[in-house]
Amino acid sequence: MSRTTPPRPVDVTALFPQLASLARTATRLHPRPGAPTPHDSSVGGPLLWPADEPWPHCAGPHVRDQVNAALSPQDVRAQRRDRADAAGRPGGSTETAGDTAEERAIRQRADAGHPWPGGPIAMLPVAQLYVRDVPSLRPPGGSHDDVLQVLWCPFDHPAHPRTTLFWRSAATVADLIGAPPEPPAVQFPGYLPEPCLLEPEQVTEYPHFMELSEELRQRLKDWGRWQTAGAAVDSFYAPAPEELYMNKLSVAPGWKVGGWTRWGLTDPEPRICPACGVEARPLLTIATSEWDAATKDWAPAEDRSHPVASLPGHPPANFTSLDLARGYDLQLHICPASQDHPHIELVQ
C-alpha cells in the first residue's frame with residue numbers, strides 16, 4: 001500500500017507569494033513494520049554490506065547512567081513480542097496473572113539487565129536508502145553511489161546516539177555479510193528500530209516560521225490575510241496564525257529525506273560544514289513519531305480510517321518504535337562538497 005499525504009488545506013503561496021521561491025521537495029519515507037531484505041530501502045532492516053568489509057564499531061565511551069539497566073537487542077525484541085501478545089488477548093489485557101512461563105522469563109531477564117558494555121561495540125543499522133526509491137537523494141561531491149546506509153551506537157553521546165554514514169554502489173557488492181554483529185546491549189529500548197519497509201512520497205515544504213524574514217513573519221501573523229482563503233482556514237488559529245503555517249503548511253513531520261530543517265527546541269542556528277565552511281544541507285530526519293496532535297493533518301489518507309489508538313507504537317504512529325530525546329527527532333545534515341567531510345547531528 002502506498003501512503004498519500006492529503007492536499008494542504010490552503011495554497012500558502014497564493015496568500016504569501018514570497019514563499020514560492022523557498023519551496024523545497026522533501027521525500028516522506030512512511031516507514032511501516034515489515035520484513036525488509038538487504039535489497040530493500042528500509043528502517044532497521046539488514047544492510048547491503050560486503051562480506052569482506054569490517055562492520056563499524058563505536059569505540060565509546062559508553063558511560064553508565066546509573067538509572068537504566070542495559071538490555072540486549074534480543075531482550076528488547078522479546079519484550080515487544082510480549083506486549084504484542086498481551087495486547088492481542090481478549091480486551092487487550094496487559095495483566096501479568098495470565099503470563100506464560102516464557103513471558104515471565106522475558107520479564108526476569110529484562111529486569112536483571114546486562115553488564116554495561118566496555119570497549120568497542122557493534123553499531124546498529126538505522127536506515128538504508130536506495131536512490132531508485134528516493135530520487136531526490138544525492139550523494140555529496142557528485143558521486144554516483146546509489147545506496148545510503150546509516151548506523152548508530154545505541155548509547156548516548158552525550159544526549160543521543162552517535163551516527164555514521166556510508167555511501168556505496170549497489171552494483172559493486174557481490175557477497176553479503178552473513179550475520180552482522182550486534183551490540184551486547186542498548187541504553188534504551190527506543191534506540192533499537194523495528195524493521196520497517198518504506199513507502200516514499202514526495203511533498204513540497206517551506207521553511208520553518210523562525211527561518212523566514214522578519215517581514216514575512218509579520219505577514220504570516222496577520223489573521224486578516226489568512227481569512228481571504230475562505231472556509232479552509234480554521235478559526236482555532238486566529239490568535240496565532242503562524243501556528244497554522246507551522247503545523248499544516250511548512251515542514252512535514254516524520255521520517256523524511258531533504259526538505260527543510262525542523263526547529264522547536266532551539267531557535268535556528270547555522271549548519272556549517274566544520275571541514276570547509278560550506279552550508280550543510282538536510283539529509284535525513286530520523287523521527288520518533290510520524291505525526292502528533294499538532295501535525296495530524298499530515299497523516300496519510302490511508303491511515304485515517306484507523307482509530308489513532310489502534311496505530312502501532314507509543315505514542316501512536318511511532319511505527320519504528322524509536323524514541324529520541326523523549327519524543328523529538330534527530331536530523332542529519334551533510335556537506336554537499338564531499339563524503340569525507342563530517343556530517344552534523346541536530347536534535348529538534
Side-chain angles (χ1 to χ4, degrees), residues 27 29-60 62 72-78 80-81 114 117-155 157 161-186 191-200 255 257 283-284 286 319-322 330 332 334-335 338-343 345:
T27 301
L29 297 179
H30 299 308
R32 297 296 185 272
T37 75
H39 304 286
D40 294 315
S41 293
S42 67
V43 166
L47 303 183
L48 189 80
W49 198 270
D52 59 354
E53 184 175 325
W55 189 263
H57 284 64
C58 176
H62 304 110
S72 72
Q74 293 80 8
D75 288 340
V76 175
R77 295 183 186 112
R80 291 175 181 172
R81 289 194 300 269
H114 291 264
I121 66 170
M123 303 187 86
L124 281 171
V126 176
Q128 176 169 266
L129 304 176
Y130 283 83
V131 171
R132 66 167 188 258
D133 299 321
V134 188
S136 60
L137 185 64
R138 288 290 178 267
S143 165
H144 294 293
D145 290 341
D146 59 355
V147 184
L148 168 65
Q149 296 167 329
V150 182
L151 300 92
W152 69 22
C153 171
F155 287 82
H157 292 278
R162 174 185 292 161
T163 57
T164 186
L165 311 180
F166 292 86
W167 295 89
R168 66 175 77 252
S169 170
T172 64
V173 182
D175 298 323
L176 296 182
I177 191 170
E182 285 197 322
V186 299
Y191 286 175
L192 178 69
E194 189 71 14
C196 290
L197 290 164
L198 307 181
E199 299 165 9
W255 284 72
V257 169
L283 173 65
L284 174 67
I286 300 169
F319 299 97
T320 64
S321 295
L322 293 183
L330 178 60
L332 307 183
I334 56 169
C335 174
S338 174
Q339 295 183 20
D340 297 328
H341 292 181
H343 64 283
E345 300 168 335

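- For Gln128 (side chain) and Pro38 (main-chain N/O), a donor-acceptor pair under 3.5 Å exists by modelled atom type.
- Taking the charged nitrogens against the carboxylate oxygens, Arg77 and Glu182 do have a contact shorter than 4.0 Å, which makes a salt bridge.
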Does the pair Trp255 and Thr27 meet the rule for a side-chain contact (heavy atoms from CB on, under 4.5 Å), with working shown? CA-CA 9 Å; Trp255 284 72; Thr27 301; over 6 Å; no
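- You'll find the side chain of Ser338 stays beyond 4.5 Å of the side chain of Pro140, heavy atoms only.
- Gln149 places a side-chain N or O within donor-acceptor distance of the main-chain N or O of Leu48, the cut-off being under 3.5 Å.
- With values rounded to the nearest 0.5 angstrom, Phe166 atom CZ is found 6.5 Å from Leu151 atom CG.
- No side-chain heavy atom of Phe155 sits under 4.5 Å from any side-chain heavy atom of Cys58.
- Taking both residues in full, the closest heavy atoms of Pro161 and Leu330 are given as O-CD2, 4.2 Å, listed atom of the first, atom of the second, then distance.
- Among residue pairs with one or both ends in residues 31-41, those qualifying as side-chain hydrogen bond (donor to acceptor under 3.5 Å, both in side chains) are Arg32-Asp303, Thr37-Asp40, Ser41-Asp133; sequence neighbours excluded.
- Annotation: side chain of Pro36 is in contact with side chain of Pro46 (closest heavy-atom distance under 4.5 Å).
- Side-chain atoms of Thr172 come within 3.5 Å of backbone atoms of Ser169 as a donor-acceptor pair (strictly under, hydrogens ignored).
- The two residues His62 and Pro117 make their nearest non-hydrogen contact at CB-O, 4.1 Å.
- The distance from the CD1 atom of Ile121 to the SG atom of Cys153 is 4.0 Å, given to the nearest 0.5 Å.
- Defined by atom type and a distance below 3.5 Å, a donor-acceptor pair is present between the side-chain atoms of Thr163 and His343.
- Within the 4.5 Å cutoff, no side-chain heavy atoms of Leu198 are placed close to those of His30.
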Apply the test side-chain contact (heavy atoms from CB on, under 4.5 Å) to residues Leu148 and Leu137: give CA-CA distance (whole Å), side-chain angles for both, the deciding distance (0.1 Å), then the verdict. CA-CA 9 Å; Leu148 168 65; Leu137 185 64; 4.1 Å; yes
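- Going from atom CZ of Arg162 over to atom CE of Met123 covers 7.5 Å, rounded to the nearest 0.5 Å.
- Asp146 contributes atom CG, which lies 11.5 Å from atom CG of Leu129 (distance to the nearest 0.5 angstrom).
- Rounding to the nearest 0.5 angstrom, the gap separating the CH2 atom in Trp49 from the CG atom in Leu176 is 12.0 Å.
- The backbone N or O of Tyr191 lies less than 3.5 Å from a partner atom in the side chain of Trp152, making a donor-acceptor pair.
- Minimum heavy-atom separation, Ala122 to His57: N-CD2, 3.3 Å.
- Atom CG of Leu29 sits about 11.0 Å away from atom OG1 of Thr320, to the nearest 0.5 Å.
- Scanning both residues, Pro125 and Gly45, for their nearest heavy atoms gives CB-O, 3.5 Å.
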| Under the side-chain contact (heavy atoms from CB on, under 4.5 Å) criterion, do Ile334 and Gln339 qualify, and how do the steps go? | CA-CA 8 Å; Ile334 56 169; Gln339 295 183 20; over 6 Å; no
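- Although no hydrogens or angles enter the test, the distance criterion places no donor-acceptor pair under 3.5 Å between the side chain of Asp175 and the main chain of Pro50.
- For the pair His114 and Ser72, the tightest heavy-atom approach, listed with the atom from each and the gap, is CD2-N, 3.5 Å.
- Here the shortest heavy-atom pairing between Cys196 and Phe319 reads SG-O, 3.7 Å.
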| task | Just do the side-chain contact (heavy atoms from CB on, under 4.5 Å) check on Val186 and Leu124 with the steps written out, would you? | result | CA-CA 10 Å; Val186 299; Leu124 281 171; 4.1 Å; yes
